[in-house]
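Here the structure is laid out as C-alpha cells; the discussion comes afterwards.
Residues take their numbers from the sequence shown, with the count starting at 1.
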Amino acid sequence: MDKEELIKRRAYEIWEREGRPPGREQEHWDQAVREIEAEGSEAERGPVVPDPTIGSGSEPRSS
C-alpha cells in the first residue's frame with residue numbers, strides 16, 4: 001500500500017473516531033500525515049535495545 005493510501009485510510013479513521021464532523025477534512029488529513037510520518041520514523045530507528053548497565057545490579061552496595 002502506498003503512503004497516500006495509508007494517509008487516506010488514517011484520515012478516515014480519525015474522522016470516524018471524532019464523530020464524522022463536517023468541514024474538518026484538512027485537519028484530519030494533516031493529523032494522519034503526522035501520525036504516519038511518526039510511525040515511519042519509529043520503524044526506521046528499529047527496536048529499542050535496553051541498556052545492559054541499567055538495572056543489572058552492577059552498582060556497589062552501600063553498607
Sequence neighbours excluded, which residues qualify as side-chain contact (heavy atoms from CB on, under 4.5 Å) partners of Pro22?
-> none
Shortest non-hydrogen separation from Ala11 to Ala32 and the atoms involved | N-CB, 3.5 Å
Please test Glu27 against Ile14 for side-chain contact (heavy atoms from CB on, under 4.5 Å), starting from the C-alpha separation and ending with a verdict.
-> CA-CA 10 Å; Glu27 180 183 336; Ile14 294 166; over 6 Å; no
CD of Glu39 to CD of Glu37, rounded to nearest 0.5 Å, is 11.0 Å
Check: Glu13/His28 side-chain N/O donor and acceptor closer than 3.5 Å | no
Sorted by chain and number, sequence neighbours left out, salt bridge (charged side-chain N to carboxylate O under 4.0 Å, His left out) with Glu25 holds for none
CD1-NZ distance between Ile36 and Lys3, expressed to the nearest 0.5 angstrom | 8.5 Å
Not counting sequence neighbours, which residues clear side-chain contact (heavy atoms from CB on, under 4.5 Å) with Arg34? List them please.
-> Asp30, Gln31
Any side-chain heavy atom of Lys8 within less than 4.5 Å of one from Trp29?
-> yes
Residues in salt bridge (charged side-chain N to carboxylate O under 4.0 Å, His left out) with Arg9, at least two apart?
-> Glu5
Pick one: which of Arg10, Arg24, Arg20 meets side-chain contact (heavy atoms from CB on, under 4.5 Å) with Trp15?
-> Arg20
For Glu4, which residues count as a salt bridge (charged side-chain N to carboxylate O under 4.0 Å, His left out) partner, sequence neighbours excluded?
-> none
Those residues at least two apart in sequence (or on a different chain) that pass side chain to side chain donor-acceptor pair (under 3.5 Å) with Arg17 are none
